[in-house]
Structures are given as C-alpha cells and as structure tokens.
Amino acid sequence: MNAPILLNTLHFDQPWTLENYLKVGGYQALRKVLAEKMSSDAIIAEVKASGLRGRGGAGFPTGLKWSFMPRNYQGEKYLVCNSDEGEPGTCKDRDILRYNPHMLIEGMAIAAYTMGVKTGYNYVHGEIFEAYERMEAACEEARKAGYLGKNILGSDFEFDLHNHMGYGAYVCGEETALLESIEGKKGQPRFKPPFPASFGLYGKPTTINNTETFASIPYIIREGGKKFADIGVPNSGGVKLFSISGHVNKPGNFEVPMGTPFRKLLEMAGGVRSGHKLKAVIPGGSSMPVLPGEIMMDLNMDYDSIQRAGSYLGSGAIIVMDETTCMVKALERLSYFYHEESCGQCTPCREGTGWLYRIVHRIEHGEGRPEDLDLLLDLCNNIAGRTICALGDAAAWPVQGMLKHYRNEFEYHIEHKRCLV
C-alpha cells in the first residue's frame, strides 16, 4: 500500500498539531481552491470523479450529495460533520479527530467554499471527550493561522467551525436526529422528506457528511479525483479506514485501498487469536448481517463485493468471531444494544426491539421454544423498513443474518438448553 492519506501525520510525535500537518502538505488544497478561484462545479466534478462515497455507513456518492445544496439560496446555509461514532465495533473517526484534526478542518472548509456556507458544526460523540478537546484546540490553531474565520488566506471567503458535544445517544448518528440535538431538542429522527439539503439545521439548507468523508477531500482536490479513484476499485474509490475488533491478535484501525481482500486485512490484524479457526465476521459494524468465515475469506472489502455476499460494508467496522463464539449469546448482546438505544418514536422499533431481545434472551437462558425462530423472523419483517430511521433495520438485520447462517445453533439451544460450542 502507498503512504497513508487519512492518517498521514502519525509518524510525528504530535501528529495533531498544525505545524506537523503543514509538513505533509496540509492546507495546500484549500490554498489551491482560493488561489485558482475554483468554481463550485469544478470542485464537485473532482469529488464525483474520485468515486468517494459516504464513509458513515450508507455509502451515498459524496459529489452527488454536494450538488443537492441549492446554489442560489439567499440566506444562511449550514455544513455539518457527523462525528457521532456510536456503532459498536467502529472506532476510526475518533482517530482522525485525535491524530489528524486539521485534515477534517481543511476538508470542511473546502466543502463550505463549494456550497457557499459560512458556518459549520462538528457533532462529536459524547463518549470521546478527548477527541472533542483535540478538535477544539485544532480549530483555535486554524483560526489564528487564518484557515478559519473571515477573509481566509486573504480572500473574501468566510467560514467558521464549531464543535458540538453530544451525549452518547446512538440514534444521533442518524443525520436528522443529529440536527435535532444540535438545535437543543431531543435527539429523534425527522420524517423525510423534506431532506436536509432543503430543510436542515434551523430549517435552512444543510449538507451532512461523515468525518472520514470530509477528511478525504483535501487529497482529492490536491491530487485530483482520478488519482483517488484509481487507488480503489470501480464504484468504491480511494482509501478506507477499517476498524478491526473481536477475536484478532492486533485489533485496531487499518487504512487500505478500497477493494483490499479481507484475507489481507485479517493478516494485518495478526490473524485470529490463539490460533483458533475463523467462524464468522460482521463486515460493516454491528448492525450489518453476519457472514460465515469461509465466505469472508474469499471477499474483497468494497461496497459491491460485500453486498453480493448478503451483507453491507457499512461503516467499515469488521467484527471477527472465532470458533469459541456462541452465536446465540452474541445476538443476545447485539439485540440488547438496539433495544436500549431505540429512541421510542416509532412503534415497530420501540416495541419490536424489546420483543427481539426478550425472545433471544430466553433462548440463551434455556427457555426457548421451537416456534420462537419463525417468530423472530416475522418480527424482523414487521420492523425493517417500517420506521422513520434505519435503527429498525439495524436491529433486524443481525437477527436475520444469524438465523440464515447459524439457525442450527439456535435450534440446539432450544432443544438442549445449552450452547452448541
């Protein structure tokens, strides 16, 4: 793999400082945009050419999203970074905030210039206060150096960025619940439409992107969209930060080209712990359907490959489970999380997530019934796709994936009142 792009300051003792970011070409892309007076169309064309897709989970094309912002709107518009990283298994955005915060600031400044925005917010997950403090310090450095505020780098461009601390609610990772939280309201998703591009923060046009998405922008503008796209594979351009956790010898974040084989990523993480056999993998954060290890070993880590196999790339959080894992117990823990994190606004999610957890709980504790498995699937079909936001899907997909590939373990639990493994 080539030199890192997103974590290109890690070789310094204090990688988060402005001084060290400038040493690796920091703010050159912003200087280029302002010096050449690049048009919004030209910048969006580069982002589209890069093949960059949203790194928060949905994978929506970033350039297309930017083009939705109304050009001729007279009034305030907003830019929001979604740093509310609450998906279990996901820990990559916080490392951008901690170790390369200026790359995020530069990416947001370029986005703000492109869409005619003067004010931006970075919504930081409530359980990573260190990252919030690091971002606050970086923004202050950027203001003093003329990269934020009025007349940026001597131009007539004006943009300032404010960090907003959340309180740890998983549902605030949904973009409209995040907007509600910034406005000081209860963090609950809004009905869509209207979409944020027309009615977002404080009722004004708003563009929301993930931390890793914004952090990819400086390289794209500095080196060109095609060069970024060529690093990855068709329909999945550039590099990606993958968070690998679970039963591996060296868990952590790994920056690799999109389309890297899972087999290679597993090697980078030191392989499965203690010489055990790989059993199962959740490829994109805890909300995605699980895949058996033998299927994952033949897959590449890009949107299309994972989707064809029956799951999704999601946030890029790879959760590895070895042969000692009881899949019933694993699902019990996942189902409890989504039950606890439901905001309660939608009946299928508010009630259904509780029912999912209680059924899986009784199976795990030797009180399951044979009809419970079909009941679980029926519940999932009545939750997924029937809620305001995707939390209902996030609760249903792990259940559906587990029963698709490991139904025999659930049947064994019900019959023998104990784990198969």
Do the non-hydrogen side-chain atoms of [X] and [Y] ever get within less than 4.5 Å of each other?
X: Met135; Y: Ile105; value: yes
X: Leu266; Y: Val281; value: no
X: Glu85; Y: Thr211; value: no
X: Met69; Y: Val117; value: yes
X: Leu179; Y: Ile208; value: yes
X: Arg98; Y: Glu130; value: yes
X: Lys264; Y: Met301; value: no
X: Asp230; Y: Lys227; value: no

Flag if over 12 foreign heavy atoms under 6.0 Å of [atom1], [X]:
X: Lys186; atom1: NZ; result: no
X: Tyr202; atom1: OH; result: yes
X: Lys226; atom1: NZ; result: no
X: Tyr336; atom1: OH; result: no
X: Lys329; atom1: NZ; result: no

Taking all heavy atoms of [X] and all of [Y], pick out the closest pair and write down the distance.
X: Asn249; Y: Gly270; answer: ND2-O, 2.8 Å
X: Arg222; Y: Gly25; answer: NH1-O, 3.7 Å
X: Ser287; Y: Pro398; answer: O-CD, 3.6 Å
X: Leu291; Y: Ala309; answer: CD2-O, 3.4 Å
X: Gly126; Y: Asp84; answer: N-OD1, 4.5 Å

Taking only residues two or more places apart in sequence, or in another chain, which ones meet Pro189 in a side chain to side chain contact (heavy atoms under 4.5 Å, CB included)?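 Partners of Pro189 by the side chain to side chain contact (heavy atoms under 4.5 Å, CB included) criterion, ordered by chain and then number, come out as Val171, Glu174, Thr176, Ala177, Cys343, Gln345, Ile388, Cys389.
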Taking [X] for the side chain and [Y] for the main chain, is one N or O donor matched with an acceptor at less than 3.5 Å?
X: Ser342; Y: His339; result: no
X: Asn8; Y: Ala3; result: no
X: Lys279; Y: Thr325; result: yes
X: Glu255; Y: Val239; result: no
X: Ser311; Y: Pro289; result: yes
X: Asn20; Y: Thr9; result: no
X: Ser335; Y: Glu332; result: no
X: Ser243; Y: Leu241; result: no
X: Asn382; Y: Asp378; result: yes
X: Glu46; Y: Gly225; result: yes

Any chance you could measure [X], atom [atom1], to [Y], atom [atom2], to the nearest 0.5 Å?
X: Leu356; Y: Leu375; atom1: CG; atom2: CG; value: 9.0 Å
X: Leu52; Y: Phe214; atom1: CG; atom2: CZ; value: 10.5 Å
X: Lys277; Y: Asp322; atom1: NZ; atom2: CG; value: 11.5 Å
X: Glu323; Y: Ser274; atom1: CD; atom2: OG; value: 10.0 Å
X: Leu178; Y: Asn82; atom1: CG; atom2: CG; value: 5.0 Å
X: Asn300; Y: Met258; atom1: CG; atom2: CE; value: 11.0 Å

Trp397 vs Tyr312, test: side chain to side chain contact (heavy atoms under 4.5 Å, CB included). Steps then yes/no. CA-CA 10 Å; Trp397 288 348; Tyr312 301 95; 4.0 Å; yes
Kindly indicate, with the supporting measurements, whether the criterion side chain to side chain donor-acceptor pair (under 3.5 Å) is fulfilled by Thr17 and Glu141. CA-CA 8 Å; Thr17 63; Glu141 276 190 309; 5.5 Å; no
Any ion pair linking [Y] and [X] (charged N to carboxylate O, less than 4.0 Å)?
X: Lys65; Y: Glu175; value: yes
X: Asp95; Y: Arg134; value: no
X: Glu140; Y: Arg143; value: yes

For Ser315 and Thr90, what are the C-alpha separation, side-chain angles and deciding distance, and is it a side chain to side chain donor-acceptor pair (under 3.5 Å)? CA-CA 7 Å; Ser315 63; Thr90 315; 3.0 Å; yes
What do the steps show when you test Arg273 against Thr324 for side chain to side chain donor-acceptor pair (under 3.5 Å), and what is the final call? CA-CA 11 Å; Arg273 66 173 186 181; Thr324 68; 3.2 Å; yes
Before giving the answer on side chain to side chain donor-acceptor pair (under 3.5 Å), spell out for Asn122 and Asn163 the whole-Å C-alpha distance, their side-chain angles and the decisive distance to 0.1 Å. CA-CA 5 Å; Asn122 179 29; Asn163 295 294; 3.1 Å; yes
Centroid-centroid distance, Tyr170 to Phe337, less than 6.0 Å: yes
Ring centres under 6.0 Å, that's the criterion: do Phe242 and Phe254 meet it?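 Distance test on ring centres: not under 6.0 Å, no.
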Can you give me every donor-acceptor pair (side chain of residues 27-35, partner residue at least two apart or in another chain, under 3.5 Å) with its distance?
unit_1: Tyr27; atom_1: OH; unit_2: His102; atom_2: ND1; d: 2.9
unit_1: Arg31; atom_1: NH2; unit_2: Tyr147; atom_2: OH; d: 3.3
unit_1: Lys32; atom_1: NZ; unit_2: Ile221; atom_2: O; d: 2.9

Please name the residue in the list Cys81, Ser83, Cys172 that meets the side chain to side chain contact (heavy atoms under 4.5 Å, CB included) test with Tyr123.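 That would be Cys172; it is the only one of Cys81, Ser83, Cys172 passing the side chain to side chain contact (heavy atoms under 4.5 Å, CB included) with Tyr123.
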Using the rule given for side chain to side chain contact (heavy atoms under 4.5 Å, CB included), can you reason through Gln14 versus Glu19, listing the C-alpha separation, both sets of side-chain angles and the distance that settles it, and then say yes or no? CA-CA 9 Å; Gln14 294 184 314; Glu19 177 186 4; over 6 Å; no
The test is side chain to side chain contact (heavy atoms under 4.5 Å, CB included); show your working for Leu331 and Glu409 and say whether it passes. CA-CA 11 Å; Leu331 182 61; Glu409 288 199 28; over 6 Å; no
Can you list every salt bridge (Lys or Arg N to Asp or Glu O under 4.0 Å) pair that touches residues 291-317, not counting sequence neighbours? Arg263-Asp298
Do Glu106 and Tyr21 have side-chain atoms, one donor and one acceptor, less than 3.5 Å apart? yes
